[in-house]
Trainee: 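Before I ask anything, let me first share the structure, which is written out below as structure tokens.
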Amino acid sequence: MGNRLAEIIENVKTRDDLIFLLSVKEKEDLLAVFEAAYEIKKKFVGATVFYRGIIELSNICEKDCYYCGIRKSNGNVFRYLMDEDEIVKEAMWAYNAHYGSVVLQSGEVKGENYIALIERVLKRIKKDSDGKLGVTLSLGEQTGETYARWYNAGAHRYLLRIETSNKALYAKLHPSDHNFDTRIHCLDELQRLGYYTGTGVMIGLPGQTIDMLADDLLFFKKINVDMIGMGPYLHHHETPMGDYFTLETISNDDLLQKALLMIAVARLFLKDVNIASTTALQSLDEMGREKGLKAGANIIMPNITDTKYRGSYQLYDNKPCLDENASMCRGCLESRISTIGEKIGYGEWGDSPHYNQRNAEK
Ligand code: SAH
């Protein structure tokens, strides 16, 4: 390992440092970055994995993001919205399995019926779990008023990826009525209301450079996030990405390495935040999520959506665990995690030290 690399790993500060780390290619250097990130993870957040059981409650979406399989214009998707009892039942399954928290995710739906449905679901989950099950929402862009209603009903975390912090690339990935500044405004609102706030980007997007990824990391720092959820961009065959970009042919191995490196550099740079090892990593490699943990991530979001809906929530091609039910996923995950010598933080919310500190300073 060169001296410069060793020095930067010790003290990642500037944009140039980030670009340097994200450009590392030699096997030995990559290993040094991953190992250092793992040490920082152990020191700041520990070697405990926290589960967030993800419930994909609806694939109905008003948005038309060019990369996403459940975009409004995809007519080949069977659209569903779970009912209140189904959502609560799945959340309580997670509670009884000692998951500390769940994530309710869906396409973007607005309107009073939907807002009130989520509100009722939140209240029921809180009541039925004696306030113990943590709830993260990932329901897209909403008004500050809606975010406040859901916060008051019991949600305390929100995940809204910025997708890319580069405004020009954002504009190329979305139709013109999707607005980067609105997304920033939503993140501001969430933080103002007191939500533990997560954001993230897709890695390996066509047109995305290493400099842009470095800027993504600076963006996370600037907006003071508590959690980061990022994963590789994976093509979905029914999306128009190829109409707008020349799709690069990057091998699965190279894409996985890029995503893992981004996780590791995020850990070295931001230290005390939570970082998810996302399902998209698992699409590239059966052990992708475990590799993410070894690169510095500390959160896994097991899919607990009823299998009858999973085929309809295909954000990208080859999404894994399509026909496994929630408990099968649980069993296979648990043994994989113990293989890498980590334990699972059952029954704990597992908020990041960053969030706890931010709150203590208020
Ligand atoms: N409607 C919510 C949830 C979106 S789905 C919202 O807007 O926040 C969750 C995430 O899946 C998205 O934020 C996006 O980053 C990711 N995603 C969508 N399509 C993808 C693809 N083709 N490859 C990889 N990730 C994708």
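Each ligand, and each atom within it, is numbered from 1 in the order the structure gives.
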Trainee: Looking only at protein heavy atoms, identify the closest one to atom 6 (C) of ligand 1 and say how far it is in Å.
Mentor: Gly140 CA, 3.6 Å

Trainee: Which protein heavy atom lies closest to atom 11 (O) of ligand 1, and at what distance to 0.1 Å?
Mentor: Leu315 CD1, 3.5 Å

Trainee: Just which atoms of ligand 1 are under 4.0 Å from any heavy atom in Leu160?
Mentor: 8 (O)

Trainee: Which residue supplies the protein heavy atom nearest to atom 2 (C) of ligand 1, what is that atom called, and how far is it?
Mentor: Ser106 O, 3.4 Å

Trainee: In the protein, what heavy atom is nearest to atom 9 (C) of ligand 1, and what distance, to one decimal place, separates them?
Mentor: Gln105 NE2, 3.5 Å

Trainee: Taking atom 18 (C) of ligand 1 as the point of reference, which of Tyr67, Tyr66, Tyr313 owns the nearest heavy atom?
Mentor: Tyr67

Trainee: Regarding atom 23 (N) of ligand 1: of the candidates Ile70, Leu234, Ile54, which has the closest heavy atom?
Mentor: Leu234

Trainee: So, are Arg4 and Glu7 salt-bridged, with charged N and O less than 4.0 Å apart?
Mentor: no

Trainee: Taking only non-hydrogen atoms of Arg183, do any sit less than 4.0 angstrom from ligand 1?
Mentor: yes

Trainee: Give a yes/no verdict on a cation-pi contact between Lys132 and Tyr95, requiring under 6.0 Å between NZ or CZ and the six-membered ring centre and an angle within 45° of the axis.
Mentor: no

Trainee: Relative to ligand 1, is Arg71 under 4.0 angstrom through side chain, backbone, both or neither, heavy atoms considered?
Mentor: neither

Trainee: Under a plain distance cut-off of 3.5 Å, with no hydrogens placed, do His235 and Tyr233 share a side-chain donor-acceptor pair?
Mentor: yes

Trainee: For ligand 1, is any non-hydrogen atom under 4.0 Å from Lys63's backbone (N, CA, C, O), its side chain (CB onward), both, or neither?
Mentor: neither

Trainee: With a heavy-atom distance limit of 4.0 Å, tell me whether Glu163 approaches ligand 1 through its side chain, its backbone, both, or neither.
Mentor: side chain

Trainee: Does ligand 1 have a heavy atom under 4.0 Å from the side chain of Arg161, from its backbone, from both, or from neither?
Mentor: side chain

Trainee: Please work out, at 4.0 Å between heavy atoms, whether the side chain, the backbone, both, or neither of Glu141 comes within that distance of ligand 1.
Mentor: neither

Trainee: Taking C-beta and beyond as the side chain, do Arg52 and Met227 meet within less than 4.5 Å on heavy atoms?
Mentor: no

Trainee: Nearest to atom 25 (N) of ligand 1 by heavy atom, Met241, Met202, Glu108: which?
Mentor: Met202

Trainee: Less than 4.0 Å between a side-chain N and a carboxylate O, is that true for Arg336 and Glu286?
Mentor: yes

Trainee: Within the distance-only criterion (no hydrogens, no angle test), does the side chain of Ser58 pair as donor or acceptor with the backbone N or O of Tyr80 below 3.5 angstrom?
Mentor: yes

Trainee: Do Glu26 and Leu31 touch side chain to side chain, with heavy atoms closer than 4.5 Å?
Mentor: no

Trainee: Out of the candidates Asn274, Thr136, Asp226, Asp351, only one should pair with Tyr196 under the side-chain hydrogen bond (donor to acceptor under 3.5 Å, both in side chains) rule; please name it.
Mentor: Asn274

Trainee: Does the pair Lys89/Glu86 count as a salt bridge with the N-to-O cut at 4.0 Å?
Mentor: no

Trainee: So does Arg124 pair up with Asp85, basic N to acidic O under 4.0 Å?
Mentor: yes

Trainee: Please work out whether any backbone atom (N, CA, C, O) or any side-chain heavy atom from C-beta onward of Pro232 is under 4.0 Å from ligand 1, and answer side chain, backbone, both or neither.
Mentor: backbone

